[in-house]
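For clarity, every value in this text was computed on a predicted model and none was experimentally measured.
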Amino acid sequence: MNDFANTWAPPLQPTPLAAQLNDRQREAVLHTEGPLIVLAGAGSGKTKMLTSRIAYLIEAMKVPAYQVLAVTFTNKAAAEMRERVEKNLLASGSGHLGQPEIGTFHSVCVRLLRRELGRTPFTQPFTIYDDSDQLSLIKAAMSALQIDDKSFNPKAVQGAINRAKCDAVEPAEARAAATDVFARQAARVYEEYQKSLFANQALDFGEIICMTYRLLRDHADIREKYQRRFRYIHVDEYQDTNRAQYLLLSILAAKSLGGHENICVVGDEDQSIYKWRGADIRNILDFEREYPGCHVVKLEQNYRSTKTILAAAGSVIRNNLARKEKTLWTENEEGRKIIRAQLADERAEAEMVVAEIKQLLAGNDRSYSDFAIFYRTNAQSRQFEDVLRREKVPYQVVGGLRFYDRKEIKDILCYLKCIVNPSDSISLKRILNVPGRGIGKTTLEKLDQFYIDSNRTGSITFWDVLQRAALDPSLTSSGTAKKISGFVQLLKKFMADQPKLLLSELYHEILDEIGYVRVLREEGTEESSARIENLEEFDTILQEFEEDHLENLTEEQKGQKKLELLSLFIEQSTLSSDIDQLEASASSVKLMTLHSSKGLEFPVVFLVGMEDGLFPSVRNWGEATDEDIEEERRLCYVGMTRSREVLYLMGVVVRRIWGDVSYQEPSRFFQEIPEEYLEMRDFSYGNRVQEYRVGSSRQFGYSKPKADLTGWVGREMIHPEYGRGTVIASEGGGTDQKVTICFSRGSEKKFLLRYVASFFS
C-alpha cells in the first residue's frame, strides 16, 4: 500500500468540536468531500472555522495529519492557524495524531522544492533572493546585455518580471508576447536574469511558486506523489491569490490529472485589495464555474464590529458590481456613530487624532495598543509621527524598514547565505569589502567584468572568480590578491565550522573574525550604537530559533537538526513580512497603510486622508476604470471593518502635495454612507484656525460660505495663490456646490464653493 493511501471512513455524527460553531461554520466543517467555497465576510470567524475543519478531519475523520494542507499569506496567520489546530487536537485528546502541513504559499513550496532538489536546476541548497537582491541581479543582467539603465528603469523591468511570474509566464512566452520596445527589452532581461538566478543557485519570491508549479506540471510522478499526500487542501484568503498560485492549487486538486478535488477555499471578494501585486479577483469570483457543483457556504455573522460600523461599511461595498451578494449582520451592540471630521490641513488632522487618543485614554480603560491610524500612502505618516513624538505618545510604524533589511542585519545574513551557498554572487559582492578590507569599487568592477567575460564562453560562479583572483595577482594586483585571499580563507573557515556549531555560535564567530562590532564601536555615533543594539537583538532571535527547533530532541536528533538550522533560518528571515514583525502586545499606537491593515483589528481606528485623489487614489476620474474604483472601494471597506468599537473617517481642506497647496474635495465614499450612521465634526476642531499666506496676508479657506449660493457665474475673486479669477461654471447645490474659475494666468480650477466663498468681493 502506498504511504499516502487514504483509509478513513466518515463519522456518523458531528463531534463536540463542530458543535461549538454557528450553523454556517458547522456546515463548512462537516462538508469534507469535494470542492467547497466559503465566502467569509469580515470578522465572521473564518480562522475558527478553518482550524476547526482541519482538526475535525484529523480527529473525527481519522485523516492522517500529513494528508492535510493549509496555505495562507503571512507567517503570522500560519502560526496562528497551527496554534489553534494544535489546541483543538489537544483539547480532544488527539494531540498525538500529528500536525498537518500549514504555512504560507512560499514556505510550503520551499519545503517541497528542498525535498525534490534533485529535480530542480540546482546542484546544492538554494538561496532565496529578496527584492533588493533581485534588483541587483536585474541590474547586472542589464549591464551584461548593454541595456542603458537610464533609458529603461531597472525597477520598471523588475516590475515587469514580477508580473510575468505572478501570471506564470516564462521568458520565452514573455518574449513572444512583447509588442513594444520596453516589453521586448524587459523580456530580454528576464531571460538573462533567469539564467543568472539559477547560476547563483537562487530563487526569487515569484520563482518559488512558478518552479513548484512547473515541477508538478511536467513530472507526473511528483504530481501524483503530492496529490496523494495532500488529499485535503485548504486555502485562506483565496481572493488574494495570483494566477501562478491558482495554477499550482488547481493541478494539486485536478480530478482530470488524478487529483481528488477536495479543495476548500476561504475568502471574501470584498476584501480583494492586492491587484497591484498580482492578486486576481477572478479566482474567487469564478470558483463555482471552475468547479461545477461545488458547495457554497456564506459566513455572514460578524463577531468584530458594532452594528453601526458594519451597516456603514456595507453601504459602501454594496456599490461594487464585481462581488457575490452577502449581507453581514451582528449580535454586537449598536455602538456609537462614526465620527466624520473635516480638518483645516494635515497638521490639524494629526493634532485631532492625537487629542482624541489622549481623551479616550483618559476616559476609558484603554491602552495605546487599542488605537490604529490608517492612511493610503506611507508619506502621510510623517505629520502623525511628529505630533505623536511631541506629545510623547508611543507609536509603531508598521510597514517601515524590515528588521532583516537593516544594513547590519543584511550584511550578516549575506555571510550566512554564502556559507550555505557560495554560488550566491549578489551576497558575495555585498560582503567582499564589509567591513572594509581595502577591496575597492574598481577591483570589484574588474572582477565582475572577468566574471561576465568568462560566462560568455563557459559557466563559472563569482566564487570561482574570487578563488582564482586570490591565487592570480594578474587579475588585480599582488596587494589586492592577498586581501581577496584573506576573505576567501575566512569564508572557507566558516563553511568548515558551520556543521559543528549552533547558529548563535557561528554568528559570534563571524562577528569576532570580521570585527564588525569593533568597527561600529570605533565609529562612536548614535547610529552605530543603534546598529550594535540590532546585532544584539539578532543574537536573541537566533537563540530563540534554536530553542524552538531543538527543544525535546535527543542529542543524536539535535546533531542532525543542527545541520538544517542555518538553511531554515535564512528561509524564515527572507520570507518574513511587515505584519510578521507586528507586536500585538506592545503598548503603542499603530500606524500603517490600509494595505497593511488587512487581517488586523483594533478597538479604535482613525481612517485619515479621505479626500478624492488621495483616497480613493484616482487622480483622473475620466480615465479611471471600474476595476480601479472598485479596488479602492474594497480598500475603504477593509479599513472600516478593522474597527471593533470606534471609527473616525477624516479628511482635510488643504493639503501640501509635492510642496504645492492643493484644495481637497471630500472622498466620494462619504456620499455612500447614510447620514444616520455619522456624527459630523467641524473642520476647525479645537478652535484651530490655520492661516496660509502665499504672497498675501489674507486668510483663506476656512470661512463659512455666504447664504446665497446662486448667481455665481461671472463673479470675480482674488485667490491668494492663483490671483484674480472669474467663475465660468457652477454645478450642484448646498454644501456640495462646485464652481469652476478661470484665472488671469489662463488656468482653470474647480473648487467646492464653501472653501473659496470668502475670496469673493
Side-chain angles (χ1 to χ4, degrees), residues 71 73-74 104-110 113 121 126-145 147 149 152-200 202-214 237 239-249 272-283 378 399 402 404-405 426 571 574-579 593 595-596 598 627-628 631:
V71 288
F73 282 87
T74 67
T104 64
F105 272 96
H106 289 101
S107 65
V108 168
C109 288
V110 164
L113 291 172
F126 52 80
T127 300
I128 301 171
Y129 278 178
D130 62 18
D131 290 339
S132 62
D133 298 329
Q134 183 191 37
L135 186 61
S136 296
L137 198 61
I138 285 170
K139 289 177 179 177
M142 291 176 68
S143 176
L145 294 171
I147 295 175
D149 61 6
F152 298 92
N153 187 320
K155 285 196 172 182
V157 175
Q158 182 182 33
I161 291 172
N162 286 339
R163 285 191 295 275
K165 294 196 175 194
C166 280
D167 291 335
V169 173
E170 298 181 41
E173 296 172 301
R175 189 173 62 248
T179 57
D180 57 46
V181 174
F182 175 81
R184 285 192 288 273
Q185 293 291 62
R188 288 183 65 212
V189 177
Y190 183 12
E191 191 166 23
E192 180 69 20
Y193 163 79
Q194 198 80 335
K195 291 177 185 175
S196 300
L197 189 68
F198 294 163
N200 283 345
L203 292 170
D204 59 35
F205 294 145
E207 192 59 34
I208 290 171
I209 308 296
C210 288
M211 184 175 287
T212 306
Y213 163 63
R214 289 196 301 271
E237 306 287 7
Q239 76 281 347
D240 294 335
T241 53
N242 59 33
R243 175 72 178 170
Q245 289 160 337
Y246 159 79
L247 291 170
L248 173 66
L249 294 165
S272 178
I273 59 173
Y274 297 119
K275 178 185 174 185
W276 53 278
R277 71 181 188 196
D280 190 343
I281 194 174
R282 293 174 300 179
N283 292 346
N378 278 307
R402 283 192 332 140
Y404 294 111
D405 286 337
I426 299 300
E571 174 190 319
T574 308
L575 296 178
S576 73
S577 66
D578 301 327
I579 296 302
T593 65
H595 284 100
S596 295
K598 181 75 165 49
E627 287 184 359
D628 294 333
E631 177 109 349

Distance in Å, N200 CG paired with Y193 OH, rounded so as to fall on 0.5 Å steps: 9.5 Å

L203 side chain reached by L113 side chain, heavy atoms, under 4.5 Å: yes

Closest non-hydrogen atom pair, Q239 against E237: NE2-OE1, 2.7 Å

F182 backbone acceptor or donor facing D180 side chain under 3.5 Å: yes

I208 to C109 - nearest heavy-atom pair and separation: CG2-CB, 3.6 Å

Chi angles and distances behind the side chain to side chain contact (heavy atoms under 4.5 Å, CB included) call for E571, S107: CA-CA 8 Å; E571 174 190 319; S107 65; 4.3 Å; yes

Evaluation steps, side chain to side chain contact (heavy atoms under 4.5 Å, CB included), between M211 and F198: CA-CA 11 Å; M211 184 175 287; F198 294 163; 3.6 Å; yes

For the student: nearest non-hydrogen atoms of F205 and I128, plus distance: CE2-CG2, 3.9 Å

Closest heavy-atom pair and its distance - S272, D240: CA-OD1, 4.1 Å

Distance (rounded to the nearest 0.5 Å) between I161 CD1 and Y190 OH: 7.5 Å

Steps toward side chain to side chain contact (heavy atoms under 4.5 Å, CB included) verdict (F152, V181): CA-CA 10 Å; F152 298 92; V181 174; 3.7 Å; yes

Euclidean distance, N162 CG relative to D204 CG, rounded to 0.5 Å: 6.5 Å

Value rounded to 0.5 Å, distance of CZ in F105 from OG1 in T212: 11.0 Å

Exercise: do E207 and Q194 side chains pair donor with acceptor under 3.5 Å: yes

Nearest-0.5 Å distance that lies between atom CD1 in I273 and atom OG1 in T593: 8.0 Å

Close side-chain approach of H106 and T574, heavy atoms under 4.5 Å: no

Within-4.5 Å side-chain heavy-atom neighbours: Y246 and D280: no

Any donor-acceptor pair under 3.5 Å from D133 side chain to D130 backbone: yes

From M142 atom CE to K139 atom NZ, the distance as rounded to the nearest 0.5 Å: 9.5 Å

Residue pair N242 / A244: nearest heavy atoms and the distance that separates them: OD1-N, 3.1 Å

Flag if over 12 foreign heavy atoms under 6.0 Å of CD, E173: yes

Within 6.0 Å of NZ in K275, more than 12 heavy atoms from elsewhere: yes

Stepwise side chain to side chain contact (heavy atoms under 4.5 Å, CB included) check, V189 with L145: CA-CA 8 Å; V189 177; L145 294 171; 4.2 Å; yes

Side chains of Q245 and N283, donor plus acceptor under 3.5 Å: no

Parallel, tilted or perpendicular: rings of W276 and H595 (30°, 60°): perpendicular

Closest non-hydrogen atom pair, K598 against Y274: CB-OH, 3.2 Å

R214 CZ: over 12 foreign heavy atoms closer than 6.0 Å: yes

